[in-house]
Amino acid sequence: MKNSKDIINYINKIPKSELHLHIEGSLEPELMFKLSKRNKIEIPFKSIEEIKSAYNFSNLDSFLKIYYQGSNVLITEEDFFDLTWEYILRCNQDNIVHTEIFFDPQSHTERGIKFNTIINGIDKALKKANSEFGITSKIIMCFLRHLEEESCFDILKQALNHKDKIVGVGLDSSEKGNPPQKFKNLFEAAIKEGFVTVAHAGEEGPPEYIWDSLNLLKVKRIDHGVQCLKDKKLVETLIKKNIPLTVCPLSNIKLCVFDKLENHNLKKMLDKGLRVMVNSDDPAYFGGYLNTNLIETTKALNLSLEDVKILIENSFKSSFLDESTKNSWLSKI
Ligand code: ADE
Ligand code: ZN
């Protein structure tokens with residue numbers, strides 16, 4: 001039986017993969033302040049401390065309002081490069097060797113920023129990450145589910161020029177009241193174009209949204225999915241089909257999905273044999289990057305070394321890496 005110091009050491013040292021990270025959610029207050037000055041964009045905060053103290057959320061929507069406001073400082077390709085590069089430096093510190101990054105083009109194109117500006121900035125930083133640190137990555141483009149399907153079709157069309165950079169499409173933003181069926185045709189078109197699909201489901205929304213993401217949107221992974229335990233048949237299906245659930249513990253606490261980390265259902269999901277792993281979601285807003293998420297969760301739920309090992313194995317098994325690369329990382333754990 002290993003003690004918790006040994007487990008924390010293991011977490012810090014072991015190579016890891018992250019599968020649920022919104023690049024706009026890695027915008028630290030310091031960079032937000034710097035970019036607001038560089039681009040002469042007003043933000044409703046006078047200091048970094050004021051930004052940090054605004055990060056008290058009561059649910060997903062209360063967070064999204066601040067998160068979209070923060071994204072307004074991102075204007076140029078250099079801004080998107082700097083944002084992504086700062087996250088990569090954190091990956092390097094945390095020994096994340098592979099990351100699959102979400103971006104929300106509509107939160108920028110709706111402000112007049114060109115699609116090419118966004119994707120090229122992110123992509124250049126990821127290429128540098130590979131050449132400098134050997135970190136590999138994939139880009140997943142998320143549609144904002146509070147918008148209409150028609151506006152999402154416009155974005156899908158623009159993404160077709162960047163198939164070499166974008167591996168898949170996802171669905172994020174305000175979940176309740178924006179069910180998966182709203183985007184059935186969009187996801188069908190995306191699949192026809194060769195994109196893999198994922199979707200945020202069962203973060204705040206009901207288990208039906210997880211069912212519909214599987215059946216209508218044909219997703220390969222569910223982002224969050226923590227509400228699945230309310231539906232026994234759904235749990236059986238997720239296990240049988242080996243569907244990964246990209247769980248984000250600190251995010252769930254900050255957005256009041258669970259009242260405290262000790263009451264998070266990750267350990268129950270793990271014990272049932274669901275393919276779960278730990279991710280940071282929007283680390284600049286939720287109080288920690290991947291290792292902090294893993295360490296805090298380990299302490300709160302009393303996870304064993306074996307539990308942590310399974311979480312890390314699942315992070316590679318569930319990635320969109322090719323099988324031989326997956327196996328090569330798995331052999332090192
Ligand atoms: N966009 C950024 N973070 C999100 C989350 N946790 N849920 C839904 N949309 C998001
Ligand atoms: Zn998310």
Side-chain angles (χ1 to χ4, degrees), residues 17-28 32 54-72 74 80 83-84 87 99-110 118 122 138-147 152 155 168-180 182-183 197-206 209-210 212-213 217 219-228 244-258 261 264 266 276-290 293 315 318-319:
S17 155
E18 175 151 64
L19 306 180
H20 185 157
L21 178 282
H22 301 262
I23 199 63
E24 295 89 347
S26 70
L27 177 61
E28 289 288 341
M32 191 192 294
Y55 292 175
N56 281 308
F57 314 113
S58 52
N59 56 23
L60 175 58
D61 281 355
S62 68
F63 155 68
L64 290 171
K65 198 167 154 243
I66 301 259
Y67 164 81
Y68 294 131
Q69 200 176 62
S71 295
N72 287 345
L74 298 161
F80 287 95
L83 171 71
T84 310
Y87 167 65
T99 180
E100 304 194 350
I101 290 176
F102 293 133
F103 77 116
D104 286 340
Q106 287 154 303
S107 66
H108 313 299
T109 55
E110 298 250 314
I118 311 162
I122 297 171
K138 307 272 179 195
I139 302 178
I140 300 173
M141 177 179 86
C142 278
F143 299 109
L144 299 183
R145 68 200 305 158
H146 66 271
L147 300 177
C152 300
I155 286 293
V169 302
L171 190 62
D172 66 1
S173 188
S174 185
E175 189 182 9
K176 284 181 180 166
N178 293 299
K182 188 173 158 188
F183 303 98
T197 62
V198 298
H200 282 55
E203 177 183 13
E204 285 186 342
Y209 285 18
I210 302 179
D212 288 349
S213 299
L217 308 184
V219 297
K220 295 273 186 279
R221 295 198 298 244
I222 295 285
D223 295 311
H224 293 291
V226 291
Q227 304 298 334
C228 74
L245 305 168
T246 64
V247 176
C248 308
L250 290 183
S251 161
N252 294 153
I253 304 311
K254 271 289 200 179
L255 303 188
C256 307
V257 176
F258 299 94
L261 204 47
H264 197 286
L266 179 79
V276 288
M277 84 299 301
V278 166
N279 305 272
S280 69
D281 203 7
D282 301 286
Y285 292 88
F286 298 152
Y289 286 77
L290 183 56
N293 267 271
S315 78
S318 311
S319 72

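As the structure lists them, so they are numbered: ligands from 1, and atoms in each ligand from 1. Just so you know, residue 1 is the first one in the sequence shown, and it goes up from there. These numbers come from the heavy atoms of this one structure, side chains and all, not from hydrogens, waters or symmetry mates.
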Donor-acceptor pair, [X] side chain versus [Y] backbone, under 3.5 Å?
X      : Y      : result
Gln106 : Leu144 : yes
Lys254 : Tyr55  : yes
Lys138 : Leu19  : no

Polar contact flag for Tyr68 and ligand 1 (N/O pairs, less than 3.5 Å) |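 Min N/O separation from ligand 1 is not below 3.5 Å for Tyr68.
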Got an N/O contact under 3.5 Å between Ser251 and ligand 1?
->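 N/O-N/O distance below 3.5 Å does not exist for this pair.
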Examine the side chains of [X] and [Y] and answer whether a donor and an acceptor come within less than 3.5 Å of each other.
X      : Y      : value
Thr99  : Tyr87  : yes
Glu110 : Tyr68  : no
Ser173 : His146 : yes

Give the residue and atom name of whichever protein heavy atom lies nearest to [atom], and the separation in Å to one decimal.
atom                   : value
atom 9 (N) of ligand 1 : Ser173 N, 2.8 Å
atom 1 (N) of ligand 1 : His22 CE1, 3.5 Å
atom 6 (N) of ligand 1 : Asp281 OD2, 2.7 Å
atom 3 (N) of ligand 1 : Asp282 OD2, 2.7 Å

Sub-4.0 Å heavy-atom contact, Phe102 with ligand 1 |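 It does not; every heavy atom stays at 4.0 Å or beyond.
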Establish, yes or no, whether a centroid distance under 6.0 Å links the rings of Tyr285 and Phe63.
->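 They qualify: ring centres under 6.0 Å apart.
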Residue-atom pairs from the protein, N, O or S only, that lie under 2.8 Å from the Zn ion (ligand 2) |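 Only His20 NE2, His22 NE2, His200 NE2, Asp281 OD1 fall inside 2.8 Å of the Zn ion (ligand 2).
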Residue portion contacting ligand 1 (non-hydrogen atoms closer than 4.0 Å) for [X]:
X      : value
Glu203 : side chain
Tyr67  : side chain
Glu24  : neither

Name every donor-acceptor pair, under 3.5 Å, that has one atom in a side chain of residues 198-206 and the other anywhere in the protein, sequence neighbours excluded.
unit_1: His200; atom_1: ND1; unit_2: Leu171; atom_2: O; d: 3.1
unit_1: His200; atom_1: NE2; unit_2: His20; atom_2: NE2; d: 3.1
unit_1: His200; atom_1: NE2; unit_2: His22; atom_2: NE2; d: 3.1
unit_1: Glu203; atom_1: OE2; unit_2: His224; atom_2: NE2; d: 3.3
unit_1: Glu204; atom_1: OE2; unit_2: Leu60; atom_2: N; d: 2.8

What are the two closest heavy atoms between Asp61 and Ser174, and how far apart are they?
->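 Minimum heavy-atom separation between Asp61 and Ser174: OD1-OG, 2.8 Å.
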Which pair of heavy atoms, one from Ile118 and one from Pro105, lies closest together, and at what distance?
->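 Smallest heavy-atom distance, with atoms named: CD1-O, 4.1 Å.
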Test side chain to side chain contact (heavy atoms under 4.5 Å, CB included) applied to Leu250 and Asn279, Asp282, Val278, Leu261, the passing residue |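 By the side chain to side chain contact (heavy atoms under 4.5 Å, CB included) criterion, Leu250 pairs with just one of Asn279, Asp282, Val278, Leu261: Leu261.
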Element-labelled atoms of ligand 1 that are located less than 4.0 Å from some non-hydrogen atom of His224 =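 Going through ligand 1 atom by atom, the ones under 4.0 Å from His224 are 6 (N).
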